[in-house]
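In each ligand, atom 1 is the first atom listed, and ligand 1 is the first ligand listed.
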Amino acid sequence: MRTVKVPLADRSYPIRIGSGLLAGLGKYCEHLGLGGRCAVISDYTVGKRYRKPALASLKAAGFKPIFISQSAGEQAKTLKNVQFCYNQLAKHRLERGSFVVALGGGVVGDLAGFVAATYLRGIDFVQVPTTLLAQVDSSVGGKVGVNLTAGKNLVGAFHQPKLVLCDLDVLHTLPSREFRAGIAEVIKYGIIYDAKLFARLERDLPKILAYDLITLTSVIARCCQIKAEVVGKDERETGLRAILNFGHTIGHGLEAISSYGKYLHGEAISIGQVAAAKISEQNTGLPAKDSARMTSLFEQAGLPTHIKLTALQSKQLFNAMRLDKKVSGGKVKFVLAKRIGQVVSGQIVEPSVIRKSLKQ
Ligand SMILES: NC(=O)c1ccc[n+]([C@@H]2O[C@H](COP(=O)([O-])OP(=O)(O)OC[C@H]3O[C@@H](n4cnc5c(N)ncnc54)[C@H](O)[C@@H]3O)[C@@H](O)[C@H]2O)c1
Ligand SMILES: [Zn+2]
């Protein structure tokens, strides 16, 4: 097992990464001194497989868990479902000292985290991420929230978990398309922060795709370490944290125009990162050979790297990008790469350059 610490003074917390950790959920919560009553929030798909071991582990450690289930998928990240959770917590008399366990992918983590951030003005919570994307990204850093019809993640809070438990065994039941989508975030860390990680991915991708435990543990740990370091320096995204959005301006736009359906988040940001690389070649001097290495790595991971848009879709994409949170004063801002391992944020890009990047 590897442990990575998120350094946030009195709100610091460990991320534990390894095999067989779900069985120890109760013990870890006990060691943290968490309160007696708790609620495990999950979705139907994850609940079917992992509800039993999670509840058994909590009960064995003396907790009295209730279980709350949501439908699976992005459509579940709504205020209506948040309200459903509040009502369950109130009905079962969860108190200020109680805690929430988010058992699932990023959707469950964001939703359950938002419930924990706001119920009784905030109670403790633990993340048990069950997708690769959630393990390397969404479970770490304390951003929680839900979608509005007007856009993704428009309502939310910063609420750090007390613990993140990444059990690699659960990844075996994750559909391979979802697993590959998570790799898009893994590659992102190499591009934005760590050229060595990127080179390692070029070498070890086959091992990752074969779920090699040692490789996966150390790669996931490295990604968590990078996110922890970035969040430790800039928890509220006033500067540095924005680099985590590499590929996300176009990515979020693509997700929005396909009504959060056609592309998985990781697939959308794969296309977004390749487009951002093309823009970077023109605007921040990214060497063409670095850009080609990026495209090739996404391709090797079986991720989409290009999209053909009709004129109408292209217009919709620009409208969606203008609605994105990274927009200020009507200008769409990008994170761009100078080379693999180094990016700059807050870059204003002309619409014509964005269009060209999507056509290549
Ligand atoms: N808070 C943040 O910092 C942050 C960062 C990145 C992404 N996100 C959010 O994360 C969400 C995407 O998360 P995701 O990609 O994990 O999607 P997800 O939570 O929808 O999970 C994907 C699918 O896999 C299923 N699943 C999950 N774990 C499984 C397992 N072990 N075995 C079998 N099936 C399993 C789920 O039921 C779901 O159908 C988006 O809403 C995005 O906005 C948040
Ligand atoms: Zn992302």
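Remark: ligand 1 atoms within the under-4.0 Å shell around heavy atoms of V170 are 30 (C), 31 (N). Taking every non-hydrogen atom of D137 and a distance limit under 4.0 Å, the qualifying atoms of ligand 1 come out as 5 (C), 6 (C). Close approach to E74 involves these atoms of ligand 1, each under 4.0 Å from a residue heavy atom: 40 (C), 41 (O). The contact set between ligand 1 and V46, taken as ligand atoms under 4.0 Å from a residue heavy atom, comprises 26 (N), 27 (C), 28 (N), 29 (C), 35 (C), 37 (O). Ligand 1 places these atoms under 4.0 Å from at least one heavy atom of T173: 30 (C), 31 (N), 32 (N), 33 (C). Listed by atom number, the atoms of ligand 1 under 4.0 Å from T45 heavy atoms are 34 (N), 37 (O).
Any N or O atom pair closer than 3.5 Å counts here, and E185 shares no such pair with ligand 1. Between V107 and ligand 1, a contact under 3.5 Å exists for at least one N or O pair. Checked against a 3.5 angstrom limit, the closest N/O atoms of T130 and ligand 1 fall inside it. Ligand 1 has an N or O atom lying under 3.5 Å from an N or O atom of G106, backbone or side chain. By the 3.5 Å distance cut-off applied to N or O atoms, D110 is counted among the residues near ligand 1. Note: no N/O pair closer than 3.5 Å links V144 and ligand 1 by distance alone.
In this structure, F99 has its ring center under 6.0 Å from that of F63.
Salt bridge present: E235 and R11 bring a charged side-chain N and a carboxylate O closer than 4.0 Å.
With a 6.0 Å radius and a threshold of 12 heavy atoms from other residues, nucleotides or ligands, K162 has its NZ atom at or below the threshold. Around the CD atom of Q83, the shell of radius 6.0 Å holds no more than 12 heavy atoms that belong to other residues, nucleotides or ligands.
Closest approach between the Zn ion (ligand 2) and any N/O/S atom of E185 involves OE2.
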Between H306 and K359, does the side-chain contact (heavy atoms from CB on, under 4.5 Å) criterion hold? Intermediate values first, please. CA-CA 8 Å; H306 296 89; K359 284 208 176 109; over 6 Å; no
Could you walk me through whether Q313 and T310 pass side-chain hydrogen bond (donor to acceptor under 3.5 Å, both in side chains), step by step? CA-CA 5 Å; Q313 285 168 327; T310 62; 3.3 Å; yes
Worked verdict on F246 versus F334 for ring-ring contact (aromatic ring centres under 6.0 Å, His included): CA-CA 7 Å; F246 181 72; F334 277 77; 9.4 Å; no
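Contacts between S138 and ligand 1, counted as non-hydrogen atom pairs separated by less than 4.0 Å, involve both the backbone and the side chain. At a 4.0 Å heavy-atom cut-off, ligand 1 touches K143 through backbone and side chain alike. Residue contacts with ligand 1 for D43 involve side-chain atoms from C-beta outward but no N, CA, C or O (heavy atoms, distance under 4.0 Å). Contacts of L264 with ligand 1, taken as heavy-atom pairs under 4.0 Å, are absent altogether. Using a 4.0 Å cut-off between heavy atoms, Q70 makes no contact with ligand 1 at all. Using a 4.0 Å cut-off between heavy atoms, L171 makes no contact with ligand 1 at all.
Taking hydrophobic clusters as Ile, Leu, Val, Met, Phe, Trp and Tyr residues chained together by side-chain heavy-atom distances below 4.5 Å, I15 shares a cluster with L132.
Counting protein heavy atoms only, atom 23 (C) of ligand 1 is closest to E178 OE2, 3.5 Å. Counting protein heavy atoms only, atom 42 (C) of ligand 1 is closest to K152 NZ, 3.5 Å. In terms of protein heavy-atom proximity, atom 24 (O) of ligand 1 is nearest to L174 CD1, 3.9 Å.
Here Q70 contributes atom CD and L111 contributes atom CG; the two are 5.0 Å apart, rounded to the nearest 0.5 Å.
Draw a line from the Zn ion (ligand 2) to NE2 of H265 and another to NE2 of H248, and the angle between them is 100° (to 10°).
Partner L201 forms a side-chain contact (heavy atoms from CB on, under 4.5 Å) with one of I183, V186, D194, I191 and no other, that one being V186.
The side-chain heavy atoms of L154 and N147, taken from C-beta on, include no pair separated by under 4.5 Å. Side chains of S345 and K333 form no contact here, defined as non-hydrogen atoms less than 4.5 Å apart.
Checked by atom type, the side-chain pair Y50/T173 shows a donor-acceptor distance below 3.5 Å.
Figure legend: R180 and F298 shown without cation-pi pairing, the cationic atom not lying both under 6.0 angstrom from the six-membered ring centre and within 45 degrees of its axis.
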